[in-house]
Amino acid sequence: MHFLIDISPAELDALWREPPYTLAGANELFSGNDIMTTGEEDHSPDQNVEPEPEPEVGSYWKEKEAFTRGSTVSLAVGERFSSDVLLVFGGRRRSSGEPDAHLQEALRTRLRVVESNSQDVIQLFKDLSARLLSVHAEKDCFVITFKTVEEIWKFSTYLSLGFVARCLENFLCDQTLWLDSARLSDIEICVTVDEEHLATLYLGLLLQEGSFFAKALNHSEHSEEEDLVYRKNDLVMVRDTGQESMWEGTLLAGGQHGLVPVHSMQPLPYPFYQWFLRKYPGTAGGSPLTKAQFDHPVVIGTCVATVDHNPTGQDELQFSRGDLIEVVGLLLTGLDMFIGRHFSSGQTGFVQKTHVRPENIKPLDGQLVFLSEEEKATLSQFNPCAEQYYSGLLNKLSTTDISTVYRLDRLDESDFVYIKNQPKQEPKPPVSARQSMISEKSDTPPYHSSPRPSFYASQSHLERYNEALSFSLDDTFKEMDEFEEDPPHYLDENSWEAEEAELCDPTLTLLNQDHFQEPFQALYDLSYSFLETTFSGFQEEELLQHLESVREGAKKNRMHWAHRRVCFLLGRLCAKKSKYSQARVYFEEALGVPVGGFFDRLLLIALYTNLTAIYLKQRLMDKLHLTLEKASALLLCLPDHSFCSVDEFEVLKLILRRSVVESDKYLEARTCYLIVSLFLRLGKTEDALPFVERLQFLTINLSAEAGRPIAPVDLNWTLSRLYHKKYMPYLSLASLSLDSGEDRTLQDAFQKIELFIKNSVRLNPQWREGTSLLPAQIVVYLQQALSIASRGNDLRTQRDLCLSLACVYQQHGALEKAVQCAQRAVQTGGHISEEEGFEASVLLAWLLVLTGEPEEAAVTLQPLLQSLHETDSPTQRGVVYNLLALCLRKEGRVQEAARHFYCALQISRENGNKRNEALALANLGCLALSVAAPVLAEHFLLRSLRLFLELTETPTDGEHVQAFLWLGRSYRDRGRSQDVRVSYEMALLIAIQAKNLHSQMVVAKVLSHLYTDLLLYGQCIIYYEHCVALSRELKDKRLEGEYLEVLSSLYLSLNTEKSSRKSLDYTKQSLRISIDLGKREEESETWLQVGRIYYLIQEDELADMYLQAAVKTALRVNDPYFAMSIYEEAGDVFFKGHRNRIAALPFYRDGSLPFARSVKDVQSEFRLLSKLTELLMNLEQYEEALQYAVLAVQISTTTGDRLKERTAFHRLATVYICLQQYEMAENYYLKSLSLCSTVLEHPREARYYVKVYCRLGDLTLHKLKDAFDAVGYFHLALAAALEDRQNPQALYVVYMKLAEIHANHMPDAELSQGYMDSAQALRKELARDTGPDA
């Protein structure tokens, strides 16, 4: 996956230099050069360029009060400015540049979950040095803020280096995403902020803190006594005194105090500069930089002398005009001097940059920028954590128990997912020493280090001796305050041997070599190792006396090199004891010895850097200029510098301040590199970290400016280890994923894997070290390691990496990819030996079983079984027999499967392997269950369980639980419910004891189903509540929501007010989860369910509110069918109730019905019209009901369903009766009867005829006063009633009606009496049938 950040280092660099403050009149406030401009000088070779115009007075700080108004940060826009910063993220496709809706929704869903429990994301942004205010999942953004300049500095650094995007990647992306390499390569995540807003906030925080560092824009205009005198580009610490135009300033060059005009001070642009100058206070002058005609800031090649130069200073190069001078090392245009070698004489010395012009000059290679090849390689290889790669990591990742432990079968989908591969319990046969294979047999070329001794050596000495890196003012000038006298130049002759002995002193002989010798390295190194090597027999005081004697002997005998070296050693020993004045005298004496200093370059560097550091400590500014430029050239221009003192940091601090003044990014980068090297060399990783971050920022920025796509060195690998050591796992993982080093060795790849695992465990405790569960993202690092290993011939490592990948893919359910990796492992192992390919083959067969390919698995296993018959490997034979049996069972070959299980069982018994014996018996029990032999299954399973109970040292809880579940199933098939219950509850107890959350979940769900079948809802609720607790512990929101819905239904079924309110609580919890997961449909349905429950507990107003929320959520789904159904179900809550039924009207009429018409769903439209008709009739709104009834009749004719049509006419007739339009009612009743089937298929169908004809008879008799027609209708009703003998009550009613008509309306005594007699006879018959209770 590629993760972009829309504010790149180059953009951030431009932003800090020229932030566009254009908010609400800021253009007027910041006219001309912007407040964040760095004041870069023009490096054009033309010396006659016009000088830059002075900035307009007041252009920077005009209307200063606009920045500081109010108690909070109020910047250029006054009180309207908000300190809140929006951090927006988005996912898109690299191939098209279009947004990736699927990825975006996945990120948004994860963020919704975080939004409800924001503790994790708060910690994330805390690590990113930001304060999280709120999370807005729907807007794909976070709202953050900053309270200090340090916070905004760190966050902006992380942002520009891409760490913020990578942290969000690790935090929001689902684990399954890392398994799809094709998708990963085509998606990217962008993180954006309003950089103008961020820069404005930075300025406001500077002002709010009251004091900050600034650069003088021009020379001071000294007018008052209290005014500070300064020059252009001087660094000044400015403090707000509350005055309008004058603030208090402290000059960093000399510490003078005074008032400075606000408009003449420009705040330093980068937050890093503010931090650095506060953390490491010291002098910083603004001396003008001499210009030269060089087009590039860092160059190599040759120059031509433009003047005649006779050296006036020590170790300077003599040359004449026109001489060719070769640049030794590098030439930095930010320094006044460089090291040159005369082409004719071969002499080497210091050269003033202004004395030469370029002749054959070229910049560094595009992949270097400001480092040499040796420096780049050394820095890339250095491990700041001093931790060695765990040699057993690959063995731990790749080795499982697949070749030694039987696998358990699976009866159906309700069983456990297949037991995961576990780390092998017994030691693996010593086929190879894996670590030696990695280090010795891998053909992958490692980094080539410098041929010179690395300055990272001698770590053991540093552990015994370490010097402080930061000096307080008291410590710095302690020596100067004591006014110590310079040391005497001569000691008493009698304190050591005679003069003749001095000539034979081996120390003199050793130190008087005229060139650098390898033993001299111990004299100059950082750890003072000469005390334990060259002069190991001396105490320090004795050594001082001895060296003084050697010094005197060297001077007498004019042994110049010995004289220089012994003075240097004496100076080192004095500096070690903080006797800086004595050390200064010795160093000055050493430099005064007339030798060619560049013949021993390390000594020359050590002398100049140590002496310059002492001048800085003692503030000897009159002497500092003599050595500073030369020390700077020696430190920065000569690659692969070897440090000899921690005091060199004093020189580097001054050079870094100079780069800040001159806005020289190349000089700053090279200085940062040396500071990083020194701090890492000393083990001061926490002090080194800010400089490593700054160096990474500069490398990316400078590469981008020069148009180079690749930075000179990728420090993400170093940063990752530094963050790991500082216990910042989010940043460690982010920088690790950004590491793009192309020359990484296999050793590096394994270190990355180990670092990833350690930090992942810190973030996710469930990924405990020592377990087989690994985060899916490890696939990326395993694939990198495999790619490196594939370049060499180490087949075992390649095979083990393939096995590791297969295991990870299997754990995360990506079985097809696991099969591919296992197949490659089989092929690679086959090239080594048959034994090496066995484990991979068994794993491949097992994976094929999991993917439902038993035939392919059997093909893989058969050759293994044949080869094992010839060897003494019974356990492996048993494993193969067991897997073959699984294949045969899946193919339906039960008898053959039973024979193979039995062979596996016998082998395990013979070897005394009780675990495998228990597994084989359990598999036989499963086989018996599959062929409906529960009694036989019980026999095998009970024997298996007895063996499991004897196993205490091996992790068998999952297998043990599954055996109990199968035993319960064997009892269930025979109706032994009590035994089933005992078996399942025993399984749960085992899972709880083993703290196996997955097993507990499976068993609790099985128990819940069991108690539901037994109608023991109380017990069922207990186990579902346990499932909810487990899902919360597993942080599985989807499962939690499902179980909460089930619990809600169970409590609601208890039908009490208390249980209904409990159901309401669980439904609301489920609602929150649906909202978090972004499942709109489920969210809408859950809103609806909450509304139903509120209606049941008679809180109609709340019910209506939640139903409205359900409707609004459904409308956001953009599915008219779904919205229509939610509207209808919301209306049904009131329609099917007994209260407030009128509330259903707007849901039907204004919601569901229009949707039904828009999608032309005539079935739904008819149903809704019918409900509206019935609802309005119940509300006695007959006129409106008539309209919907007529529409229902019209729609019914288009449904093609005669029953619906008949129902519509019948309902319309009923409406007309209510409206007292009896003729119309009679007409539509007859119309409904005409739609009935002409042939009765069942006697019950006659009941509708009886009902309608009776209603028509009553209607014509009582309303229309037509007794004749009424008799006809009742006769038809009588005929229909006689067809349905199962409904004698209806026949009795018809007889009585006919008897009444002929008695009162159409008098006929005989007919009346006949009908009455029939009715009485039928009544007696009914009385006999119903008994005395009728």
Side-chain angles (χ1 to χ4, degrees), residues 1041-1042 1044-1046 1048-1049 1051-1053 1055 1057 1060-1061 1063-1179 1181 1184-1185 1187-1189 1191-1192 1195:
E1042 291 176 3
L1044 286 170
E1045 289 177 9
V1046 175
S1048 173
S1049 301
Y1051 273 110
L1052 197 60
S1053 66
N1055 202 23
E1057 183 179 357
S1060 297
R1061 292 197 176 275
S1063 172
L1064 180 65
D1065 178 55
Y1066 281 124
T1067 308
K1068 286 183 176 180
Q1069 292 181 44
S1070 175
L1071 174 62
R1072 284 193 291 270
I1073 291 174
S1074 299
I1075 294 172
D1076 291 342
L1077 296 179
K1079 297 183 177 180
R1080 297 289 188 194
E1081 293 88 349
E1082 293 182 11
E1083 179 188 344
S1084 179
E1085 291 169 354
T1086 312
W1087 283 111
L1088 189 67
Q1089 181 65 11
V1090 175
R1092 288 194 189 101
I1093 299 173
Y1094 270 122
Y1095 184 79
L1096 289 175
I1097 61 177
Q1098 302 184 12
E1099 296 187 20
D1100 294 356
E1101 291 184 3
L1102 288 172
D1104 185 68
M1105 182 182 72
Y1106 277 89
L1107 294 175
Q1108 293 289 350
V1111 166
K1112 290 179 182 178
T1113 305
L1115 292 175
R1116 292 202 296 268
V1117 177
N1118 295 324
D1119 183 352
Y1121 290 97
F1122 181 74
M1124 177 185 68
S1125 67
I1126 293 297
Y1127 264 117
E1128 184 176 0
E1129 290 185 48
D1132 287 346
V1133 173
F1134 295 105
F1135 178 74
K1136 296 178 180 180
H1138 302 289
R1139 304 180 319 278
N1140 196 19
R1141 297 189 72 194
I1142 193 173
L1145 189 61
F1147 291 105
Y1148 290 153
R1149 181 184 60 198
D1150 304 329
S1152 193
L1153 184 58
F1155 274 111
R1157 287 174 175 169
S1158 67
V1159 298
K1160 298 181 180 180
D1161 186 348
V1162 293
Q1163 305 291 343
S1164 298
E1165 185 178 357
F1166 172 76
R1167 184 176 63 254
L1168 290 164
L1169 289 169
S1170 301
K1171 289 181 179 180
L1172 281 166
T1173 303
E1174 184 177 345
L1175 179 62
L1176 292 167
M1177 286 175 63
N1178 291 335
L1179 298 173
Q1181 298 180 18
E1184 192 174 354
Q1187 298 176 18
Y1188 289 109
L1191 289 172
I1195 291 297

Is there side-chain contact between [X] and [Y], with heavy atoms separated by less than 4.5 Å?
{"X": "Tyr1148", "Y": "Arg1167", "answer": "no"}
{"X": "Ile1142", "Y": "Asn1140", "answer": "yes"}
{"X": "Leu1052", "Y": "Gln1089", "answer": "yes"}
{"X": "Tyr1188", "Y": "Leu1175", "answer": "no"}
{"X": "Tyr1066", "Y": "Leu1044", "answer": "yes"}
{"X": "Trp1087", "Y": "Ile1075", "answer": "yes"}
{"X": "Leu1145", "Y": "Leu1176", "answer": "yes"}
{"X": "Glu1129", "Y": "Arg1092", "answer": "yes"}

Q: Any pair with a residue in residues 1133-1146 that passes salt bridge (charged side-chain N to carboxylate O under 4.0 Å, His left out), sequence neighbours left out, goes on the list, sorted by first then second residue, please.
A: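 Listed once each, the pairs are Asp1100-Arg1139.
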
Of all heavy-atom pairs between [X] and [Y], which one has the smallest distance, and what is that distance?
{"X": "Val1133", "Y": "Gly1091", "result": "CG1-O, 4.5 Å"}
{"X": "Gly1041", "Y": "Ile1073", "result": "N-CD1, 3.8 Å"}
{"X": "Met1177", "Y": "Ala1185", "result": "CG-CB, 3.8 Å"}
{"X": "Pro1154", "Y": "Arg1149", "result": "CD-O, 3.3 Å"}
{"X": "Val1162", "Y": "Ile1195", "result": "O-CG2, 3.7 Å"}
{"X": "Ala1110", "Y": "Ile1126", "result": "O-CG2, 3.8 Å"}

If you round to the nearest 0.5 Å, how far is [atom2] of [Y] from [atom1] of [X]?
{"X": "Ser1164", "Y": "Tyr1121", "atom1": "OG", "atom2": "OH", "value": "8.5 Å"}
{"X": "Asp1119", "Y": "Ser1125", "atom1": "CG", "atom2": "OG", "value": "8.0 Å"}
{"X": "Asp1161", "Y": "Leu1153", "atom1": "CG", "atom2": "CG", "value": "11.0 Å"}
{"X": "Leu1172", "Y": "Phe1135", "atom1": "CG", "atom2": "CZ", "value": "8.5 Å"}
{"X": "Leu1168", "Y": "Ser1152", "atom1": "CG", "atom2": "OG", "value": "4.0 Å"}
{"X": "Ser1060", "Y": "Leu1096", "atom1": "OG", "atom2": "CG", "value": "6.0 Å"}

Q: Please name all residues satisfying ring-ring contact (aromatic ring centres under 6.0 Å, His included) with Phe1166, sequence neighbours left out, ordered by chain then number.
A: none

Q | Pair Lys1171 + Glu1174, salt bridge at N-O below 4.0 Å | A | no

Q | Cationic N near anionic O, under 4.0 Å, Arg1061 to Glu1099 | A |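 Judged by the 4.0 Å cut-off on N to carboxylate O distance, Arg1061 and Glu1099 do form a salt bridge.
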
(Q) Run Asp1104 and Phe1134 through side chain to side chain contact (heavy atoms under 4.5 Å, CB included) and show every step you take. (A) CA-CA 9 Å; Asp1104 185 68; Phe1134 295 105; 4.2 Å; yes

Q. With Ser1048, which of Asp1065, Thr1067, Thr1086 fulfils side chain to side chain donor-acceptor pair (under 3.5 Å)?
A.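 For Ser1048, the side chain to side chain donor-acceptor pair (under 3.5 Å) test succeeds with only one of Asp1065, Thr1067, Thr1086, which is Thr1067.
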
(Q) Does the plane of the ring in Tyr1127 sit parallel, tilted or perpendicular to the ring in Phe1147? Use 30° and 60° as the thresholds. (A) tilted

Q. Is it true that a side-chain atom of Ser1084 and a backbone atom of Arg1080 form a donor plus acceptor pair closer than 3.5 Å?
A. no

Q) How about Arg1072 and Gln1069: does a side-chain donor come under 3.5 Å of a side-chain acceptor? A)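 Gln1069 and Arg1072 do not have a side-chain donor-acceptor pair below 3.5 Å.
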
Q: Any chance you could lay out the side chain to side chain contact (heavy atoms under 4.5 Å, CB included) test for Arg1116 and Glu1083, step after step, and finish with the verdict?
A: CA-CA 11 Å; Arg1116 292 202 296 268; Glu1083 179 188 344; 4.0 Å; yes

